[in-house]
Every structure is written in structure tokens, then in C-alpha cells.
Amino acid sequence: MRRRPTTATFAALTALAVLTAAFATGCGSDEDDKPDPLRGQQWGLDALNMPDAWSRSKGDDTVIAVVDTGADLDHPDLKGRLVDGYDFVDNDAEPKDLNGHGTHVSGIAAAHTDDGIGVAGGAPGARIMPVRVLGADGSGTDANITKGIVWAADHGADVINLSLGESGLMARLLKGGILNQAITHANGKGAVVVAAAGNDSTALQPYKVDTPVLVVNAADRTGVPASFTNFGAQNAVTAPGVDILSTLPTYTTKETLKNLSGYGKLSGTSMASPYVSAVAALLHQQGLAPDAIMQTIRDTAANPQKLVKLGLGNVDAAAAVKAAQNK
């Protein structure tokens, strides 16, 4: 079984990645408290109330494993934020991103923040563990993804992000297949697993109901469900997933042929998931265990209109960290 990243209109990812009036690497240094020049375009951070949450937690001493296409290991907004990872595609210790998707996901979760360069990450104090399980074309096998999840959990990941999935009939039949066992293993090791819902605009339970995973749907900047988002997963939540600005490889890959600025906008539940992984990192710093982290995020999500496609609702980082502080 082969899976792909859950980025909307995957074949058109290159076009989505072209920045509109946002080619900026800044002239920053390693000093703190220098505004990120592209921060004003990151509407998702504000929708999640991330800045308010950072007053209580920034995800310090937390490792987020991005099980994906790898990462641009020398990207100025990621370098220094990475811990050792692994490449299960080439079977080596250099999980270099040859696609672009994993780099984008990594930046959403934990890019350098307030360093005067590029964008801000959702968990400014967290580290990224790049685990490459998807190839240059963006696809990968369940066997490699399973290995990646288990490896990440066994090597100290506190949060594991899965911005990937299967679609169509096989997704309905398999409900995650052998990935369910890997996710359960990770949970037992103390890691929170956060997974994208998928982009087929359909009701889908992507994993078995009893698998300890937090599934994430996507919303647009008005807080309503994105047109492409899947929905219906047990206890799913929702996060921003439309026109999300983040890091991209600074070198040529299949998906950066027309954009080597190092930054771009993508849409998909792939983008929503790492935002929630970032919130999980904030709660991890506050001392919550995996199940308590997932429950706190769910309990503080908001869906006043009871929109089915929002699941339990839009995630509120500030409400989640406040609730965690009171536990």
C-alpha cells in the first residue's frame, strides 16, 4: 500500500507554493526578539491563539517527529532546530527532503521564531526530528511509514506528526492497516500521534476507532471547514489548513521548480496537522501525558455552530494551555 502527503491538489503543489509578495529571508541573526518578516502572513497562528499560549508554554524540551518526505537540513529557519532523524527511503541517517512537503510541515510545527528570519513556528521551543518515509514523488509504503513511526517513538519523539494518508476505497477498507499498531506502540512509549484527516471532501475514519491518534481536519481563515477536508473521524479536531505559509527547500526539488525563495503557501490537512502537533508540544512542556494532551485539545476546541465537518471544533491553543495549567 502506498500513501501520499495530505496536501490539497497534490499535483498542483508547485503552483500553490509560489509566494505572493513574500520573498523574504530577512537579515536576521541568532538573537531573540527580532520579528520574523513573514509573520504577518501567518494567519493560522492567530486563528489558533498561539501568541497568547506562548506566554505560558513554548514547547521547550519537546521533540516533534515529522514522519514525511524529510527536511531541508540546512534551511535557515530550521537549522539548529533539528535533532537526528533517519531516512527509511534510502536507509541512511540523512533525511534530506527531495520533495518539499516535509520541509513545509516542519516549519509550521517549529520554525525559528523571533529571529528576524522568515516565518514563526507554532512551538518556538520545540525541536524537529525529520524521519523520511516518503520519496521524491511524495509516495511511500506502509512498511516504511510504520518503521518511521516506531523509530521516532523509540528515539525520543514526544509528538509524532503524520501529514500523510491513503484515499479512496482502500482507505475505507484498511482504516490505517498496520499503522494502527505503530501508533499504539508510539503512544505506549509516551508520544502523542497527530494525523491529517485527508483531502477528499468525504466522511472517513482513517484509523481504527480505538487507535490513540488525534485526527485533524482543515479550516479556512473564517473558521469554517475547508472545501477539501475530510471529516467524520472519531473525536477529530480542526486547525487552519488553507494558504498556509511555511518553509520550503532552498534547493530544487520536484515541488520547488518555480520557487527557490525558501518559503511558500500550501493548503491541505497536511498543514493543519502540524499546527495541532505544535499545540501538543506546548502541553507536553506543561507535563501532560499523551492521552491527557489529546483530551485537553479536544475539550477546549470550539464548534459553537455544531458544524459536522469541524468535528469537535477549531483548536484553541491558549485555552488548551490554560486548561493544562489548571490540571
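From a predicted model like this one, the values you see are computed outputs, not experimental measurements. Numbers here simply count residues along the sequence, with the first being 1.
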Handout entry: Polar side-chain atom of T113 near backbone of A111 as donor-acceptor pair, under 3.5 Å
Key = yes
Practice task
Work out which heavy atom in A281 is nearest to a heavy atom in T62; give both atom names and the distance.
Solution key: O-OG1, 3.5 Å
Problem - Polar contact flag, side-chain donor to acceptor under 3.5 angstrom, S57-Q285 - result: yes
Exercise for the section: Answer yes when R39 and D46 have at least one side-chain N-carboxylate O distance shorter than 4.0 Å, and no when they do not. Expected result: yes
Practice task
Determine whether Y86 and L98 fall in the same hydrophobic cluster, where Ile, Leu, Val, Met, Phe, Trp and Tyr are linked whenever their side-chain heavy atoms lie under 4.5 Å apart.
Solution key: no
Handout entry: Nearest non-hydrogen partners of A182 and V150, listed with the distance
Key = CB-CG2, 4.0 Å
Problem - Hydrophobic cluster membership, F231 vs L312, 4.5 Å side-chain cutoff - result: no
Exercise for the section: Could you verify whether a donor N or O on one side chain and an acceptor N or O on the other, from D200 and T202, lie under 3.5 Å apart? Expected result: no
Practice task
Check whether the side chains of S270 and H101 place a donor and an acceptor atom closer than 3.5 Å, and report yes or no.
Solution key: yes
Practice task
Taking the side chain as every heavy atom from C-beta outward, state whether L307 and P225 have any pair of such atoms under 4.5 Å apart.
Solution key: yes
Problem - Short side-chain to backbone donor-acceptor contact, T269 and A218, under 3.5 Å - result: no
Exercise for the section: Consider only side-chain N and O atoms of T256 and T253, and report whether a donor and an acceptor are under 3.5 Å apart. Expected result: yes
Handout entry: Within 6.0 Å of CG in N91, more than 12 heavy atoms from elsewhere
Key = yes
Problem - Backbone of D158 reached by a side-chain donor or acceptor of H284 within 3.5 Å - result: no
Handout entry: P130 side chain reached by V66 side chain, heavy atoms, under 4.5 Å
Key = no
Completion exercise
Which of D72, D90, D97 passes salt bridge (charged side-chain N to carboxylate O under 4.0 Å, His left out) with R132? It is D90
Handout entry: Residue among N144, T69, V89 satisfying side chain to side chain contact (heavy atoms under 4.5 Å, CB included) with L134
Key = T69
Handout entry: Distance-only polar pair, side chains of N187 and D291, donor-acceptor under 3.5 Å
Key = yes
Exercise for the section: Count the heavy atoms belonging to other residues, nucleotides or ligands that lie under 6.0 Å from CD of Q181, then report whether that count exceeds 12. Expected result: no
Problem - Residue pair D74 / Y251, side-chain donor-acceptor N/O under 3.5 Å - result: no
Practice task
Ignoring hydrogens and angles, state whether a donor on the side chain of D154 or H185 is under 3.5 Å from an acceptor on the partner side chain.
Solution key: yes
Exercise for the section: Compare every heavy atom of A65 with every heavy atom of A152, then report the nearest pair and how far apart it is. Expected result: CB-CB, 3.6 Å
Fill in the blank from the handout: Of all heavy-atom pairs linking G116 and D36, the shortest is N-OD1, 3.8 Å
Problem - In one Ile/Leu/Val/Met/Phe/Trp/Tyr side-chain cluster, 4.5 Å: F88, M129 - result: yes
Practice task
Indicate yes or no for a side-chain donor-acceptor contact from T300 to the backbone of A319 under 3.5 Å, with no hydrogens or angles considered.
Solution key: no
Exercise for the section: Ignoring hydrogens and angles, tell me if any N or O in the side chain of N230 forms a donor-acceptor pair with the backbone of S201 under 3.5 Å. Expected result: yes
Practice task
Using a strict 4.0 Å threshold on nitrogen-to-oxygen distance, state whether D87 and K96 make a salt bridge.
Solution key: no
Handout entry: V224-V276 co-clustered via ILVMFWY side chain contacts under 4.5 Å
Key = no
Exercise for the section: Check whether the side chains of N161 and S163 place a donor and an acceptor atom closer than 3.5 Å, and report yes or no. Expected result: yes
Completion exercise
Heavy atoms of H112 and L78 approach each other most closely as CD2-N, 4.0 Å
